[in-house]
Amino acid sequence: MPRPAVNVAVRAARAAGQIILRYMNRLEGLAVVEKQRMDFASEVDRAAEAEIIRELKRAFPAHAILAEESGAQGKGKHVWVIDPLDGTHNYLRGFPHFCVSIGMLENGEPMHAVVYDPLRDELFTASRGDGAYLNDRRIRVSPRTELGGALLATGFPYRQRAHLNPQLDMTRALLADAEDIRRTGSAALDLAYVANGRLDGYFEIGLKPWDMAAGCLLVREAGGRYCDFVGRDGIPDTGNLVAGGLKVVEGMVKAIAPQLTPALSR
């Protein structure tokens, strides 16, 4: 049975998903702001986030919040980390790949996770020690035992273009063995796909906490691993993330090591 905290987060994610779907046929009329260069938020992001926070605060008024649009609210050992619409660029263009991501940290460690794809009605959930699930069906990372033949995913973040050359070098090095690399535009959904075995591994530079909190727990509870670019386990403060099956992550870290600059090795 899902933990009570997951049930609350599922209710919040589904409510946000309804808002996201409701606006899909009115994309041309949405109010959109550019927070910084090539970083957009719409009224849908804000409305979905407000609904999530409302649901979480109703059940857990003492818990802190860290949300992409409204920032930090409160302090304490329990923090809900929220991305109300991961894949905003996709959504605004009508590209059908985006999700709601809600994770709960306890003393900085991920304890509960919900990633919800409202278009496909796919609900990924996990609690620490309880395993990972897709619509109540237990999921596992892919059984692949090496980087050879792996299907990977990545992103080329607009905030990290200073690292574009080393990332392209990393991509080239990985493709020496991997089958292919996808770039979908939603880190949280990519991590959920790693947990479900649709992808064998994932890497990206400069992710934010709300991009990783839920997805990383899904990967771990599905039998996988996440670490930084030099192989240090845990959610990286730098946001430079590698995730996947145990042996795939090992191969990815080894392949990208010669391409790392001092800034990416921190």
Side-chain angles (χ1 to χ4, degrees), residues 86-87 90 95 97 99 110 115 117 122 124 126 132 134 138-208 211-212 214-266:
D86 188 45
N90 286 348
F95 192 95
H97 195 80
C99 69
V115 172
D117 177 348
E122 289 192 332
F124 298 86
L134 167 56
R138 185 74 178 262
I139 56 176
R140 299 286 296 177
V141 295
S142 112
R144 187 170 296 280
T145 59
E146 60 182 4
L147 180 58
L151 180 61
L152 309 177
T154 191
F156 295 95
Y158 41 85
R159 287 186 294 260
Q160 303 292 334
R161 290 293 162 82
H163 299 302
L164 182 58
N165 285 336
Q167 186 170 10
L168 291 174
D169 291 338
M170 292 158 60
T171 302
R172 187 178 299 109
L174 289 166
L175 282 174
D177 289 308
E179 174 191 317
D180 205 350
I181 293 180
R182 303 284 185 262
R183 194 271 185 260
T184 69
S186 173
L189 205 47
D190 282 346
L191 289 167
Y193 281 17
V194 170
N196 194 35
R198 294 174 181 170
L199 295 166
D200 298 303
Y202 173 82
F203 71 104
E204 189 163 341
I205 294 172
L207 294 172
K208 297 297 185 181
D211 299 317
M212 300 182 286
C216 281
L217 183 62
L218 286 169
V219 171
R220 186 172 67 191
E221 289 300 317
R225 176 190 175 198
Y226 56 89
C227 62
D228 67 9
F229 284 175
V230 296
R232 292 173 292 221
D233 289 315
I235 296 179
D237 292 335
T238 59
N240 302 333
L241 182 71
V242 180
L246 302 182
K247 292 297 184 181
V248 173
V249 167
E250 182 180 311
M252 293 174 71
V253 169
K254 183 177 179 180
I256 68 177
Q259 323 305 325
L260 297 179
T261 62
L264 294 176
S265 300
R266 292 202 305 266

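No hydrogens, no waters, no symmetry mates; every other heavy atom, side chains included, goes into these values.
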Please tabulate, one pair per line, all N/O donor-acceptor pairs under 3.5 Å involving side-chain atoms of residues 181-196, not counting sequence neighbours.
unit_1	atom_1	unit_2	atom_2	d
Arg182	NH1	Asp180	OD2	2.8
Thr184	OG1	His97	NE2	3.4
Thr184	OG1	Asp190	OD1	2.6
Thr184	OG1	Asp190	OD2	3.2
Ser186	OG	Asp86	O	3.3
Ser186	OG	Asp86	OD2	2.8
Ser186	OG	Leu189	N	3.4

For Asp177, salt bridge (Lys or Arg N to Asp or Glu O under 4.0 Å) partners two or more places apart: none
Please check if the side chain of Asn240 supplies one atom and the backbone of Gly206 the other of a donor-acceptor pair under 3.5 Å. yes
Those residues at least two apart in sequence (or on a different chain) that pass side chain to side chain donor-acceptor pair (under 3.5 Å) with Asp169 are Arg172
Residue pairs, two or more places apart or on separate chains, that pass salt bridge (Lys or Arg N to Asp or Glu O under 4.0 Å) and touch residues 143-152: Arg144-Asp200
Show every donor-acceptor pair shorter than 3.5 Å between a side-chain atom in residues 256-266 and any protein atom, with sequence neighbours excluded, or say none if there are none.
unit_1	atom_1	unit_2	atom_2	d
Thr261	OG1	Leu264	N	3.4
Ser265	OG	Thr261	O	3.0

Could you report the tightest heavy-atom contact between Cys99 and Val115, atom names first, then the distance? SG-CG1, 3.8 Å
Heavy-atom distance under 4.5 Å between the side chains of Val141 and Leu246, does that happen here? no
Return the CG to CZ distance between Asp233 and Arg225, rounded to the nearest 0.5 Å. 4.5 Å
Min side-chain heavy-atom separation Met212-Pro236 under 4.5 Å: yes
If you take all heavy atoms of Gly201 and Met252, which pair is closest and at what distance? CA-SD, 4.1 Å
To the closest 0.5 Å, what do you measure between CG (Leu152) and OG1 (Thr171)? 9.5 Å
Which pair of heavy atoms, one from Arg140 and one from Glu221, lies closest together, and at what distance? NH1-O, 4.3 Å
Do Gln167 and Phe203 have side chains that approach each other closer than 4.5 Å (heavy atoms only, starting at C-beta)? yes
Do you know the tightest heavy-atom contact between Glu204 and Phe229? O-CZ, 3.4 Å
Are side-chain heavy atoms of Tyr226 and Pro110 found at a separation under 4.5 Å? yes
Testing the basics here: between Leu217 and Ala126, what is the closest heavy-atom pair and its distance to 0.1 Å? CD2-O, 3.9 Å
pair Leu241-Cys216: side-chain heavy atoms closer than 4.5 Å: yes
Non-hydrogen atoms of Gly231 and Val253 that approach each other most closely: N-CG1, 4.1 Å
Is any side-chain heavy atom of Leu168 less than 4.5 Å from a side-chain heavy atom of Phe156? yes
Pair listing, salt bridge (Lys or Arg N to Asp or Glu O under 4.0 Å) test, anchored in residues 239-260, at least two apart: Lys247-Glu250
Between CZ on residue Arg220 and CD1 on residue Ile235, distance to nearest 0.5 Å: 8.0 Å
